Amino acid sequence: MTIRCKTAAVAAAMTLWGFAPAFAEVKDYEFQLVQNEAKKGEATIAVRLLNKKTGKTVPDAVISAKRIDMAPDGMAEMATKIEQMSSTEPGVYRFKANLSMEGRWQLSLGAKVQGETGTVESRLVIKATP
Ligand SMILES: [Cu+2]
């Protein structure tokens, strides 16, 4: 808690002096697919948000951006609707998407982690199977 307060104080001081705080904390977080494959069609995609420093999952992040498309198979314009679903496990975020075609889909996520500056951004590739 003290470290976090100190960090906030430093950030506030730097902002005051017109410097953009350049902490690398968001780099310590990453999304990982719970499963790398899903059946073609209506799919539930689960990802866990991990703090790489502590090895622990991170609950209560706010997903600020999400997109799924077939960029890995040369079809970046082939995007499909993605909806966030309620979490059933702390630190695991679930999404519903219609993977209408077999092949590789790229899930792009942006998230805000409580107490951290910046946005965690990840791109994950999930394979839609027959
Ligand atoms: Cu496609």
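Sequence positions, counted from 1, serve as the residue numbers for this chain. As the structure lists them, so they are numbered: ligands from 1, and atoms in each ligand from 1. Every heavy atom of this structure was used, including side-chain atoms; hydrogens, water molecules and symmetry mates were not. Because the structure is predicted, anything quoted here is derived from the model rather than measured.
For the pair Ile82 and Leu107, the minimum side-chain heavy-atom distance is below 4.5 Å. The shortest side-chain heavy-atom distance between Gln114 and Glu116 does not fall under the 4.5 Å cut-off.
The neighbour count for Gln35 CD, taken as heavy atoms of other residues, nucleotides or ligands under 6.0 Å away, does not exceed 12.
Taking 2.8 Å as the limit, the number of protein N, O or S atoms around the Cu ion (ligand 1) is 4.
Residues forming a side-chain hydrogen bond (donor to acceptor under 3.5 Å, both in side chains) with Arg123 (at least two apart in sequence, or on another chain): none.
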Check: Can you check side chain to side chain donor-acceptor pair (under 3.5 Å) on Ser108 and Lys66, steps first, answer last?
Finding: CA-CA 6 Å; Ser108 307; Lys66 54 190 185 306; over 6 Å; no
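Here the closest heavy-atom approach between residue Arg67 and residue Ala79 is recorded as NH2-CB, 3.7 Å.
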